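Worksheet for the structure shown next.
Numbering starts at 1 and runs along the sequence shown. Because the structure is predicted, anything quoted here is derived from the model rather than measured. Start at 1 and go down the list; that is how both ligands and their atoms are numbered.
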Amino acid sequence: MPDLETLWQFICEKFNESFSAITYKTWIETAKPVQFADKTLVVEVPSKLHRDYWTQSVTPQIVDMLEESLGYKITILPKTPEEPNPLEEFDPAGATSNTETEATVLTTQNDNKKVFVKDAQLNERYTFETFVVGKGNQLAHAAALAVAEEPGIFYNPLFFYGGVGLGKTHLMHAIGHQMLENRPTAKVKYVTSESFANDFINSIQTKRQEEFRQEYRNVDLLLVDDIQFFADKVGTQEEFFHTFNALYDDKKQIVLSSDRLPNEIPKLQQRLVSRFKWGLSVDITPPDFETRIAILRNKAEAEHLDIPSETLSYIAGQFDSNIRELEGALMRVQAYASMSHTKITTGLAAEALKSLNGKDHNNKVTISMIQNKVAKYYHVTVAELKGRKRVKAIVIPRQVAMYLSRKLTDSSLPRIGQEFGDKDHTTVLHAYEKIAKMLANDPDLEREVAELKAELKA
Ligand SMILES: Nc1ncnc2c1ncn2[C@@H]1O[C@H](COP(=O)(O)OP(=O)(O)OP(=O)(O)O)[C@@H](O)[C@H]1O
């Protein structure tokens with residue numbers, strides 16, 4: 001019997017040969033082999049969503065693949081980091097029967113050039129390949145890939161929600177592209193909720209309701225963006241209800257997005273709210289600093305821009321809640337450089353963002369600006385601020401930075417914790433309260449914090 005490492009390496013190689021890079025990256029690269037004993041392999045995956053997808057789709061594939069090479073069937077038990085190792089908990093023989101689920105077949109992808117169906121109205125740029133995965137969107141991305149690969153099976157409907165410019169539309173289009181790549185004859189339709197409403201009203205005015213129904217109910221994948229705009233539109237909601245039912249009954253995939261959860265959309269009919277909850281709702285939260293840099297780097301590469309890393313970090317530090325703005329900033333910097341026929345530097349970026357972005361933005365203090373400033377001020381590194389070392393020379397600056405993040409930005413405690421190396425929100429609260437208390441009795445600290453505040457707001 002192979003050992004754990006050899007077996008895992010073998011699985012990785014086999015999977016890599018048979019599936020696309022994106023499939024490999026999403027399901028295999030994020031997994032960790034834990035134990036292999038009694039022909040049972042325990043694998044740790046990042047979330048319940050990953051675990052379910054493994055159980056239903058990845059596991060049967062690997063079991064078959066291995067049976068061919070090893071000559072016998074192994075059992076694979078995926079688990080999340082929170083769940084105990086089933087081999088330590090149960091008798092493995094009992095656990096075995098667990099995984100004898102029916103194999104669902106993963107669609108094999110190829111690297112052929114993409115075929116786009118024109119009327120799907122998909123933006124060519126919005127694919128899985130160009131989507132940067134980070135903590136805030138990892139689940140949404142995995143769910144998107146799962147429905148693209150096996151539409152109508154896993155999560156129907158799939159519902160994305162989250163703030164403006166965080167990649168909901170991008171993921172929806174990516175699902176469409178991926179599905180067409182797997183099955184070029186598939187019918188994919190992407191619309192905003194407003195286009196759906198307009199099409200519906202037009203169809204009534206022109207007496208073409210049957211055509212409208214044909215168009216919306218004869219698809220394999222319907223993507224409806226920004227459904228918060230269904231609020232108030234009673235007739236449209238009614239029609240969408242029937243569209244939804246027809247597609248759902250036919251096991252066709254529905255993907256929806258909104259800036260909030262269905263039950264938070266005012267005047268959305270209860271029966272729609274409850275249907276939207278049948279599948280999976282997954283939120284997208286703002287990207288952390290590292291993800292923002294990765295997004296900028298990708299974009300810079302795609303645009304063939306020559307930008308120093310330091311400048312990318314600078315731009316990533318200026319915008320922390322909307323990727324559209326982040327990308328816009330990069331393009332502004334590029335335009336500024338080409339107008340002035342100079343190379344892109346951090347100084348030029350600062351200049352470009354100042355003159356092109358108005359005062360509003362420049363007055364806005366972000367968590368990474370605070371971290372950079374505090375690190376410099378106290379002669380520590382940003383990594384130390386985000387780290388867990390508990391020496392006083394780092395703890396006080398770290399707590400000051402958390403204090404200022406709470407005071408000077410709109411970010412929530414969990415969000416601040418996330419930006420400080422994934423700390424719990426109670427740690428941030430504790431830091432805030434501690435510094436607030438110290439300020440009353442420690443004039444040195446009071447002066448330092450005042451100086452930092454003044455510099456940040458300058
Ligand atoms: N993870 C990501 N990797 C690369 N680009 C991204 C990512 N997330 C968002 N973007 C880019 O940011 C821009 C805004 O994203 P998108 O339009 O998908 O946001 P949205 O959540 O749908 O916003 P809205 O609520 O305004 O509709 C797009 O250009 C998109 O390509």
For a quick check under 3.5 Å, do D288 and T291 share a side-chain donor-acceptor pair by atom type? yes
Which pairs would a plain distance check flag for residues 133-141, meaning a side-chain donor or acceptor within less than 3.5 Å of a matching protein atom at least two apart in sequence or in another chain?
residue: K135; atom: NZ; partner: D422; partner atom: OD2; Å: 3.2
residue: N137; atom: OD1; partner: G134; partner atom: N; Å: 2.8
residue: N137; atom: ND2; partner: V132; partner atom: O; Å: 3.1

Just to verify, what does K423 make a salt bridge (charged side-chain N to carboxylate O under 4.0 Å, His left out) with, not counting sequence neighbours? none
For the rings on W27 and F15, is their centre-to-centre separation under 6.0 Å? no
Scan for side chain to side chain donor-acceptor pair (under 3.5 Å) pairs involving residues 216-225, sequence neighbours excluded, and state none if there are none. T169-D225, Y190-D225, D199-Y216, Q214-N218, R217-E239, D220-K252, D225-S257
With a 4.0 Å heavy-atom cut-off, what residues sit around ligand 1? R125, Y126, T130, F131, V132, N137, G163, V164, G165, L166, G167, K168, T169, H170, D226, I295, I323, R324, E327
Do the side chain of R292 and the main chain of A316 share a donor and acceptor less than 3.5 angstrom apart? yes
